[in-house]
Amino acid sequence: MSFDTISVIGLGYVGLPTAAAFASRRKRVIGVDTNQHAVDTINRGAIHIIEPDLGRVVTDAVRQGLLRAVSQPQPADAFLIAVPTPFQHDHEPDLSYVKAAVLSLAPVLEPGCLVILESTSPVGTIEQMAGWLAVARPDLTFPHQAGEAADINIAYCPERVLPSKIMVELIKNDRVIGGMTPCCSARAAELYRIFLEGECVVTNARTAEMCKLTENSFRDVNIAFANELSVICAEQQINVWELIALANRHPRVNILQPGPGVGGHCIAVDPWFIVAQNPAQARLIRTARQINDDKPDWVVEKVKAAVADCLNDSGRGSSDVIIACFGLAFKPDIDDLRESPALYVTELITRWHRGQTLVVEPNVDVLPTSLDGLVTLADRDHALATADVLVMLVDHHQFRALAPSAIRQRWIVDTRGVWR
Ligand SMILES: NC(=O)c1ccc[n+]([C@@H]2O[C@H](COP(=O)([O-])OP(=O)(O)OC[C@H]3O[C@@H](n4cnc5c(N)ncnc54)[C@H](O)[C@@H]3O)[C@@H](O)[C@H]2O)c1
């Protein structure tokens with residue numbers, strides 16, 4: 001069966017660019033999302049997230065009638081699922097969104113359909129997914145029952161795009177294809193080749209699932225090393241950024257940069273999926289997670305020390321001290337606040353600081369509810385003019401561009417090494 005109509009379920013940071021990429025190759029795309037605001041916005045030819053170049057492609061696709069958004073799945077030749085996979089309070093993976101998406105598309109499946117899961121998932125999710133579908137559609141056969149002869153093909157194909165570069169990386173990056181059978185892999189590769197310029201690298205579903213988790217755990221462990229170094233260097237009065245730059249001159253050393261922690265819903269989440277399934281074996285991966293999760297508390301201690309110094313020096317009362325936090329997003333130049341250590345540091349500051357807290361976040365217009373009434377959203381120059389203590393949390397380009405002469409404050413906690 002050829003892929004005339006392609007459905008993407010979940011129109012967020014992964015799903016909407018994917019839907020737009022297929023539509024830009026003149027495929028008919030039905031996007032599905034349970035969020036009515038997302039559906040309405042996309043059908044107006046606009047986008048509900050910030051991602052460079054995405055708006056233009058979506059506008060063109062909607063205008064040409066190639067992309068439309070709906071809230072319930074409709075028949076299609078291929079379904080790609082890109083819904084959230086967060087963890088629960090005990091760090092166990094929460095597959096409820098995947099299950100809901102799978103069950104919502106089950107009624108419209110027809111023999112010959114291809115179903116792909118793109119959401120980052122624990123090993124074995126594809127097998128679970130096939131099981132859910134088999135229960136929902138006993139009239140059809142699935143790869144775990146009928147192998148190559150199955151009515152429905154299923155594959156796991158993880159996404160590894162970088163927010164803010166999604167429209168480029170989606171097309172250029174190599175794609176890992178983990179079909180439940182070789183036929184499933186072949187069909188999935190055929191689908192991605194509609195827009196993919198990178199290579200389709202075929203493996204089995206379990207390896208593909210583990211591959212995505214491995215990539216993010218690798219990043220997490222390496223960032224934990226940099227974060228641990230930053231804490232050690234503070235004790236030893238060594239500039240960690242200078243140290244790392246020097247060490248990286250070794251031809252086989254490449255240390256990452258420390259920061260206020262690790263955020264986002266990928267690197268801060270996915271390693272837990274490995275830990276949850278392999279609690280006895282995943283010792284380094286768990287420790288790295290804990291080191292990165294502890295970093296915001298360490299940053300807040302530094303802020304407390306800076307405020308104490310400021311009070312000593314100025315003789316003012318603690319409620320007169322103004323703190324300005326620069327950045328809330330989980331990484332530079334995006335609006336995504338999910339699992340953001342910068343947001344968490346700011347929340348912690350508001351719990352003890354008695355004076356005013358300003359927040360400078362050029363990528364959001366509305367503060368998250370956790371900061372409602374506790375901080376003031378300020379512009380960069382106002383914060384620089386009025387704050388006593390600066391806390392650099394996210395190195396957005398607007399902050400990196402500041403000339404050293406623009407910063408007159410003596411009390412600075414710079415978690416990104418841009419104002420050193
Ligand atoms: N954002 C990234 O950079 C990135 C990169 C690689 C992998 N991933 C993974 O991709 C998956 C999706 O991430 P995202 O960033 O696009 O999430 P997102 O929250 O931006 O988007 C998910 C969308 O799915 C919708 N949704 C939830 N349940 C649904 C359902 N039952 N039916 C239809 N729509 C539903 C939500 O309303 C939302 O719009 C996650 O597993 C994530 O870990 C994300």
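Just so you know, these numbers come straight off a predicted model, no measurement behind them. Note that ligands are numbered from 1 as they come in the structure, with each ligand's atoms numbered from 1 the same way.
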Quick note on ligand 1: atoms under 4.0 Å from a heavy atom of Pro163 include exactly 3 (O)
Atom 9 (C) of ligand 1 sits nearest the protein heavy atom Thr120 OG1, 3.5 Å
Atom 6 (C) of ligand 1 sits nearest the protein heavy atom Glu159 O, 3.1 Å
Return the orientation label for the Phe195 and Tyr192 ring planes: parallel under 30°, perpendicular over 60°, tilted otherwise.
perpendicular
Heavy-atom proximity to atom 11 (C) of ligand 1, picking from Val83, Thr85, Ile166, points to Val83
If you scan protein heavy atoms around atom 18 (P) of ligand 1, the nearest is Arg338 NH1, 3.5 Å
The atoms of ligand 1 lying under 4.0 Å from a heavy atom of Asn35, numbered in the order shown, are 37 (O)
The atoms of ligand 1 lying under 4.0 Å from a heavy atom of Pro84, numbered in the order shown, are 19 (O), 22 (C), 24 (O), 27 (C)
Closest to atom 36 (C) of ligand 1 by heavy-atom distance, out of Asp33, Val14, Val32, is Asp33
Any heavy atom of Ala82 under 4.0 Å from ligand 1? The part involved is backbone
Quick look: Ser121 vs ligand 1, heavy-atom contacts under 4.0 Å, and the answer is neither
Atoms of ligand 1 under 4.0 Å from any heavy atom of Lys212, numbered from 1 in the order shown, are 6 (C), 7 (C)
When Thr181, Asp77, Asn153 are each screened for side chain to side chain donor-acceptor pair (under 3.5 Å) with Arg187, the one that passes is Asn153
If we number the atoms of ligand 1 from 1 as shown, the ones under 4.0 Å from a heavy atom of Ile9 are 32 (N), 33 (C)
Looking only at protein heavy atoms, what sits closest to atom 14 (P) of ligand 1 is His265 CE1, 3.8 Å
Judged by heavy atoms only, the candidate from Val269, Ile267, Thr34 nearest atom 26 (N) of ligand 1 is Thr34
| Taking N or O atoms only and a 3.5 Å limit, does Tyr13 qualify as a polar contact for ligand 1? | yes
